[in-house]
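Structure first, then comments.
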Amino acid sequence: MASIANHPARREQAKVMNRYDITKRMLGLLHRDEAVIGGIGYSNFDLWAASERPQGRRQQNFYMLGSMGLAVPIALGVAIAQPNRKTIALEGDGSILMQLGALATVAARGQKNLVVVILDNGAYQITGGQKTLTGLGADVVAIAQGSGLTQSAWAADESAFEELIALSLKEDGPWLIGCRIDTDKPKDTTERNPPRIKDNFMRGLGTLKS
Ligand SMILES: Cc1ncc(C[n+]2csc(CCOP(=O)(O)OP(=O)(O)O)c2C)c(N)n1
């Protein structure tokens, strides 16, 4: 039976995967108009690149262009406002390290419809590849577990990632899935138009009618 307990809790046990590939795999598993929040950095570039979906479903994506560490807080707000919609935050390791308190907040709320995916390349890649602390011993899954997010694990490989995403969409969260990724360039660049991103997202969630 699929269970979080079958997935590793330590970063060294996770295969280094490709951000675009796993983003595409994740989108392929969405089925009920889930909202996806892409954090600053290349997380949202590859979300943009991988989101050529039919029926305008790109509109259910939000792309954070300005500040680090906001994918989880924004996703939490969406999840609270629309409790019947699963909401996924895609966040880089550098960005989540700036906002660790958000993990304990999500845990304390027990936000059932929230899934956090950490894309850990050990670098602030978009600003030049400076090293982050995850390459020096910080383990975001261990930090998440210590913050009270008991349903946290590393994706050992691509098929384990798909299994974890499917599990997180089916069962109550909150969930946190750690993914080690390489430093390949993203496949596209997110459109730099924050008002349009915001309006499209609100239309996708049904909160803006025009
Ligand atoms: C509060 C804040 N500090 C610094 C920056 C500059 N900055 C933008 S993205 C980024 C790196 C993001 O790293 P990570 O989240 O690991 O994503 P990656 O670039 O590796 O995809 C930095 C330092 C910023 N936008 N906001």
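In each ligand, atom 1 is the first atom listed, and ligand 1 is the first ligand listed.
For atom 9 (S) of ligand 1, the nearest protein heavy atom (residue, atom name, distance) is Ile126 CG2, 3.3 Å. At the shortest separation from atom 8 (C) of ligand 1 among protein heavy atoms lies Ile40 CD1, 3.7 Å. For atom 15 (O) of ligand 1, the closest non-hydrogen atom on the protein side is Ser95 OG, 2.6 Å. Annotation: atom 21 (O) of ligand 1 to nearest protein heavy atom, Tyr42 N, 2.9 Å. Residue, atom and distance of the protein heavy atom nearest to atom 18 (P) of ligand 1 are Gln125 N, 3.6 Å. From the protein, the heavy atom lying nearest to atom 14 (P) of ligand 1 is Gly94 N, 3.7 Å.
Distance check: Glu158 CD to Glu163 CD gives 13.5 Å after rounding to the nearest 0.5 Å. Atoms NE2 and CG, from His7 and Asp157 in turn, are 9.5 Å apart once rounded to the nearest 0.5 Å. Taken from CG in Asn6 to CD1 in Ile4, the straight-line distance is 9.5 Å, to the nearest 0.5 Å. Rounding to the nearest 0.5 angstrom, the gap separating the CG atom in Leu76 from the CG atom in Leu114 is 6.0 Å.
Residues passing the side chain to side chain contact (heavy atoms under 4.5 Å, CB included) test with Ala144, sequence neighbours excluded: Leu103, Leu149, Ser152, Leu176. Qualifying salt bridge (Lys or Arg N to Asp or Glu O under 4.0 Å) partners for Asp46, counting only residues two or more places apart in sequence or in other chains: Arg19.
Below 30°, between 30° and 60°, or above 60°: for Trp48 and Tyr63 the angle between ring planes is above 60°, a perpendicular geometry.
In the model, Gln111 has a side-chain atom that pairs as donor or acceptor with a side-chain atom of Asn113 under 3.5 Å.
Close N/O approach between Ser67 and ligand 1 is not found [any backbone or side-chain N/O within under 3.5 Å]. Where the criterion is an N or O separation shorter than 3.5 Å, residue side chain and backbone included, Asn121 meets it with respect to ligand 1. Taking only nitrogen or oxygen atoms, main chain and side chain alike, Thr132 does not reach within less than 3.5 Å of ligand 1. Close N/O approach between Tyr124 and ligand 1 is not found [any backbone or side-chain N/O within under 3.5 Å]. The shortest N or O to N or O distance between Ala123 and ligand 1 is below 3.5 Å.
Judged by the shortest distance from any of its heavy atoms, Met98 lies inside the 4.0 Å radius around the atoms of ligand 1. Heavy-atom separations between Gly66 and ligand 1 include at least one value shorter than 4.0 Å.
Counting atoms of ligand 1 from 1 in the listed order, those under 4.0 Å from a heavy atom of Gly41 are 19 (O), 21 (O).
Counting heavy atoms under 4.0 Å from ligand 1, residue Asp93 touches it through both backbone and side chain.
Remark: among candidates Met68, Met64, Arg19, the nearest residue to atom 6 (C) of ligand 1 is Met68, based on non-hydrogen atoms.
Looking at Asn121, Asp21, Asp93 one by one, the single match for side-chain contact (heavy atoms from CB on, under 4.5 Å) with Ile181 turns out to be Asn121.
The two residues Gln125 and Asp182 come nearest to each other via the heavy atoms OE1-O, 4.3 Å.
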